[in-house]
There are 2 protein chains.
Amino acid sequence: MAEDVFKALVDPTRRRILDELVERDGQTLFEICGRLAMKHGLGLSRQAVSQHLAVLESADLVRTRRQGRYKYHDLNTEPLERIATRWLRPDAPEKSP
Amino acid sequence: MAEDVFKALVDPTRRRILDELVERDGQTLFEICGRLAMKHGLGLSRQAVSQHLAVLESADLVRTRRQGRYKYHDLNTEPLERIATRWLRPDAPEKSP
DNA sequence: ACGATAGGCAAGTGTTGACTTGCCTATCAT
DNA sequence: ATGATAGGCAAGTCAACACTTGCCTATCGT
């Protein structure tokens, strides 16, 4: 649902997580925790990040694959592409010539 | 700020308002109230809609022009175009050939 | 001038959501 | 087998937000 996508994107931490996944796909929960702490100074608990990832996953913005005790997280940009053009009029300015 | 744009877009009523403004630009507060009631069955108070418009305006998604006792509301898609491509990778599938 | 229309300001309420804490399960290494 | 690592579940707390209510200002028509 589009509703879930908007709800997922409203939180700054979740947007940061997407930023990290754009840089490198297939990170685990602990890797993402570490990156948020290092690069953004966010001292979040593991559960907080886990819940954020659950929200992103139920919005289908993040796909996961389990492998042993690891759970890898991959970005899925498809929902973004769908909502991006909702309010763009036909006569909107083009961005690539 | 991008933060304001995401906050503005998370509310379904505000997205409906944007939908209405895509259809017809330059509507007044009362016109928007009426349209939300007619087309979507939303029985919102005038103040509720007014506050939504204020949020959209501070996110620069809606521009306003005063004329006498009327205040016309116009859609501004520029902030949308900027956030749309934030997480789209270079190798993302193109939509126009 | 006076009523009616269009809109604004501010305080109060109820719900949603982000984060924490505590405990539990599963997989790997030695 | 046992400790360590990776992750999950559930209840509780606190703040942000949508909406209402009540009152106020400004512009238009007659």
Side-chain angles (χ1 to χ4, degrees), chain A residues 1-21 24-38 40-59 61-74, chain B residues 1-21 24-38 40-59 61-74:
Chain A
M1 204 99 59
E3 174 74 19
D4 300 322
V5 180
F6 287 108
K7 278 189 184 171
L9 291 177
V10 79
D11 188 272
T13 303
R14 285 196 286 266
R15 295 198 298 271
R16 292 260 165 71
I17 291 175
L18 293 183
D19 290 335
E20 293 305 317
L21 290 180
R24 183 151 73 85
D25 237 358
Q27 298 189 56
T28 68
L29 172 59
F30 276 37
E31 285 178 303
I32 296 171
C33 282
R35 287 211 163 195
L36 289 177
M38 296 300 131
H40 304 283
L42 295 176
L44 293 170
S45 73
R46 176 181 56 87
Q47 282 77 2
V49 179
S50 176
Q51 286 167 8
H52 282 307
L53 286 171
V55 173
L56 290 169
E57 188 174 0
S58 67
L61 286 164
V62 162
R63 299 271 177 80
T64 59
R65 46 197 160 95
R66 251 256 149 84
Q67 204 164 351
R69 57 176 162 175
Y70 299 106
K71 189 180 181 183
Y72 300 110
H73 301 265
D74 301 301
Chain B
M1 204 97 58
E3 173 76 19
D4 300 321
V5 180
F6 288 109
K7 278 188 185 171
L9 291 178
V10 81
D11 187 273
T13 303
R14 286 196 286 267
R15 295 199 296 272
R16 291 264 164 72
I17 291 176
L18 293 183
D19 289 336
E20 293 306 315
L21 290 179
R24 183 151 75 85
D25 237 356
Q27 298 189 56
T28 68
L29 173 57
F30 275 38
E31 284 178 304
I32 296 170
C33 283
R35 287 212 164 196
L36 291 177
M38 297 300 131
H40 304 283
L42 295 176
L44 293 170
S45 71
R46 178 180 55 88
Q47 283 76 3
V49 179
S50 177
Q51 286 167 9
H52 281 308
L53 287 170
V55 173
L56 290 169
E57 187 174 1
S58 68
L61 285 165
V62 162
R63 299 271 177 82
T64 60
R65 47 196 160 95
R66 250 257 151 82
Q67 203 163 351
R69 56 177 161 176
Y70 299 105
K71 190 178 180 183
Y72 299 110
H73 300 264
D74 302 299

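In what follows, every heavy atom counts, from backbone to side chain, and hydrogens, waters and symmetry copies are set aside. Protein chains get the first letters and strands the later ones, always in sequence-line order, with residue 1 at the start of each.
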**Intra- and interstrand pairs of DNA chain C - dot-bracket, Watson-Crick/G-U under 3.5 Å, | marks other strand** = ||||||||||||||||||||||||||||||
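- Whole-Å rounding puts the B:Tyr70 OH to C:dG7 P distance at 8 Å.
- If you take CD of B:Glu31 and P of C:dA6, they are 9 Å apart, rounded to a whole angstrom.
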**Request:** Would you mind building the protein contact string for nucleotides 12-26 of chain D? One character per nucleotide, 5' to 3', B for base within reach (heavy atoms under 4.0 Å), S for sugar-phosphate only, - for untouched.
**Result:** -----SSBBBB----
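- A:Thr13 and A:Leu44 make their closest contact through CG2-CD1, 3.4 Å (heavy atoms, listed as atom of the first residue, atom of the second, distance).
- Remark: B:Leu61 CG to B:Asp4 CG distance equals 9.5 Å, nearest 0.5 Å.
- A straight line from CG of A:Leu9 to P of C:dG17 spans 14 Å, rounded to a whole angstrom.
- The CG-C1' distance, from B:Leu29 to C:dC9, rounds to 14 Å in whole Å.
- Pairing each heavy atom of B:Tyr70 with each of B:Thr28, the nearest pair is CD2-CG2, 4.2 Å.
- The distance from atom CZ of A:Phe30 to atom C1' of D:dG8 is 11 Å, rounded to the nearest whole Å.
- In this structure, the CD atom of B:Gln27 is 14 Å from the P atom of C:dA6, given to the nearest Å.
- B:Asp74 and B:Asp25 get closest at one heavy-atom pair: CA-OD1, 3.3 Å.
- One distance of note links CG of B:Asp11 with NZ of A:Lys7; it measures 10.0 Å at 0.5 Å rounding.
- OP1 or OP2 of C:dG8 sits under 4.0 Å from a side-chain N or O of B:Ser50.
- With values rounded to the nearest 0.5 angstrom, B:Met1 atom CE is found 10.5 Å from B:Ser58 atom OG.
- Between A:Lys71 and the phosphate of C:dA26, there is no side-chain N or O to OP1/OP2 separation shorter than 4.0 Å.
- For B:Glu57, the side-chain hydrogen bond (donor to acceptor under 3.5 Å, both in side chains) partners at least two apart in sequence or on another chain are B:Thr64.
- What you find for B:Glu3 and A:Pro12 is that their closest heavy atoms are OE1-CG, 3.6 Å.
- Summarising the geometry, the separation between CG on A:Leu36 and C1' on C:dC19 is reported as 14 Å, rounded to the nearest angstrom.
- Going from atom NE2 of A:His73 over to atom CD1 of A:Ile17 covers 9.0 Å, rounded to the nearest 0.5 Å.
- Separating the CG atom of A:Leu53 from the C1' atom of D:dA6 is a distance of 13 Å, rounded to the nearest angstrom.
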